[in-house]
Amino acid sequence: MKKDFKKLRHEYSMAELNKSDINSNPFTQFRIWLEQAIKMELPDANAMTLATVSADNKPSARILLLKDYNEKGFCFFTNYNSRKGTDIEGNPYGSLVFFWPELERQIRIEGKIEKLEPEFSDEYFLDRPVGSRTAAAVSPQSNEIENRNALIQMVETFKKKNGDEFTRPDFWGGYRLIPDLFEFWQGRESRLNDRIEYNLNNKKWKIRRLAP
């Protein structure tokens with residue numbers, strides 16, 4: 001029997017989130033939740049949605065992987081000429097969303113995006129498997145290609161010319177999202193979800209509870 005997707009519903013009841021229970025530092029609170037997701041061996045625990053907006057105010061979003069973070073920000077890597085790279089060039093603000101349905105949790109992070117220092121991009125690039133490095137160096141990301149065979153041919157041609165030893169191309173590297181807002185969301189019964197927001201004001205994090 002075909003299910004009506006409009007009636008699909010999951011009742012959240014695993015945990016609660018109170019201002020009295022959270023860390024005053026949102027980066028620490030993020031680490032606590034991420035480490036719990038990793039400890040539970042959730043698939044792609046570091047997966048996140050990155051939302052950007054182009055210079056002409058058209059939004060786009062995609063899922064990618066968090067590759068590093070500290071109190072400077074949250075890092076990811078891509079082709080600078082990709083759709084997201086073009087968006088960031090024209091409008092350097094974005095949003096991240098982490099969602100762990102098994103924990104009934106999500107985290108939203110907003111802020112300004114800047115390119116990582118070249119030495120950090122070099123270090124990460126050289127640490128990638130050779131196949132991933134080759135793909136990054138070859139793929140004209142977000143541009144039209146004739147078919148998959150054309151892409152495979154690009155890879156083979158590159159491998160014959162460069163082998164396994166090559167440096168990071170100038171058009172590929174990392175970005176850092178520098179947060180000015182965090183929202184921690186914990187699902188609750190009857191959609192009365194817990195939402196705790198950290199907002200950066202005069203270099204201090206202001207914490208408040210939001211209505212679901």
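For the single chain, residues carry numbers from 1 onward in sequence order.
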Are [X] and [Y] linked, directly or through other ILVMFWY residues, by side chains that come within less than 4.5 angstrom of each other?
| X | Y | value |
| --- | --- | --- |
| Phe74 | Trp205 | yes |
| Leu210 | Tyr12 | no |
| Val138 | Leu126 | yes |
| Ile178 | Leu64 | no |
| Tyr198 | Val97 | no |

Worksheet entry | Proximity of Phe182 and Phe30 rings by center, below 6.0 Å | no
Item to complete: Verify whether the ring centers belonging to Tyr80 and Phe171 lie closer than 6.0 Å.
Response: no
[X] versus [Y], closest heavy-atom pair with distance:
| X | Y | result |
| --- | --- | --- |
| Phe125 | Pro169 | CZ-CD, 3.7 Å |
| Ala47 | Ile63 | CB-CG2, 4.2 Å |
| Glu146 | Ala150 | CB-CB, 4.4 Å |

May I ask you to decide if [Y]'s main-chain N or O and [X]'s side chain share a donor-acceptor pair within less than 3.5 Å?
| X | Y | value |
| --- | --- | --- |
| Gln186 | Leu103 | yes |
| Asn162 | Phe158 | yes |
| Arg168 | Trp172 | yes |
| Ser121 | Gly174 | yes |
| Asn202 | Lys204 | no |
| Gln29 | Asn23 | yes |
| Arg133 | Asp164 | yes |
| Arg195 | Trp185 | no |
| Trp100 | Ala45 | yes |
| Asn70 | Lys72 | yes |

Distance (rounded to the nearest 0.5 Å) between [X] [atom1] and [Y] [atom2]:
| X | Y | atom1 | atom2 | result |
| --- | --- | --- | --- | --- |
| Asn81 | Thr86 | CG | OG1 | 6.5 Å |
| Asp44 | Leu66 | CG | CG | 12.0 Å |
| Asp4 | Lys6 | CG | NZ | 4.0 Å |
| Thr49 | Leu96 | OG1 | CG | 9.0 Å |
| Lys84 | Phe76 | NZ | CZ | 7.5 Å |
| Ser20 | Ile196 | OG | CD1 | 9.0 Å |

Item to complete: Would you sort out whether Gln153 and Asn149 count as a side chain to side chain contact (heavy atoms under 4.5 Å, CB included), showing the intermediate values?
Response: CA-CA 6 Å; Gln153 186 58 52; Asn149 286 337; over 6 Å; no
What do you reckon, is [atom1] of [X] surrounded by more than 12 foreign heavy atoms closer than 6.0 Å?
| X | atom1 | answer |
| --- | --- | --- |
| Asp170 | CG | no |
| Glu102 | CD | yes |
| Glu11 | CD | yes |
| Arg191 | CZ | yes |
| Gln36 | CD | yes |
| Glu41 | CD | no |
| Glu165 | CD | no |

Worksheet entry | Pair Lys112 + Glu114: basic N to acidic O under 4.0 Å | no
Worksheet entry | Pairing of Glu117 and Arg176 as salt bridge, 4.0 angstrom limit | yes
Item to complete: Go through Ile113 and Leu50 one step at a time and tell me if the side chain to side chain contact (heavy atoms under 4.5 Å, CB included) criterion holds.
Response: CA-CA 11 Å; Ile113 302 173; Leu50 167 67; 4.3 Å; yes
Worksheet entry | Chi angles and distances behind the salt bridge (charged side-chain N to carboxylate O under 4.0 Å, His left out) call for Glu110, Arg108 | CA-CA 7 Å; Glu110 297 178 2; Arg108 182 166 58 89; 2.3 Å; yes
Worksheet item: Is there a side-chain hydrogen bond (donor to acceptor under 3.5 Å, both in side chains) between Arg83 and Ser54 once you walk through the steps?
Response: CA-CA 9 Å; Arg83 170 70 184 273; Ser54 66; 5.4 Å; no
Is any side-chain heavy atom of [X] closer than 4.5 Å to a side-chain heavy atom of [Y]?
| X | Y | value |
| --- | --- | --- |
| Glu104 | His10 | yes |
| Leu116 | Cys75 | yes |
| Thr134 | Phe166 | yes |
| Met48 | Ile109 | no |
| Arg188 | Leu17 | no |
| Ser142 | Asn79 | no |
| Tyr69 | Leu34 | yes |
| Asn91 | Thr52 | no |

Discussion item. If the test is side-chain contact (heavy atoms from CB on, under 4.5 Å), which one of Pro92, Ser60, Pro59 qualifies with Asp87?
Written reply: Ser60
Discussion item. Run Asp122 and Thr167 through side chain to side chain contact (heavy atoms under 4.5 Å, CB included) and show every step you take.
Written reply: CA-CA 8 Å; Asp122 289 340; Thr167 58; over 6 Å; no
Item to complete: Determine the sole option in Arg105, Arg209, Lys19 for which the side-chain hydrogen bond (donor to acceptor under 3.5 Å, both in side chains) test with Asp194 is passed.
Response: Arg209
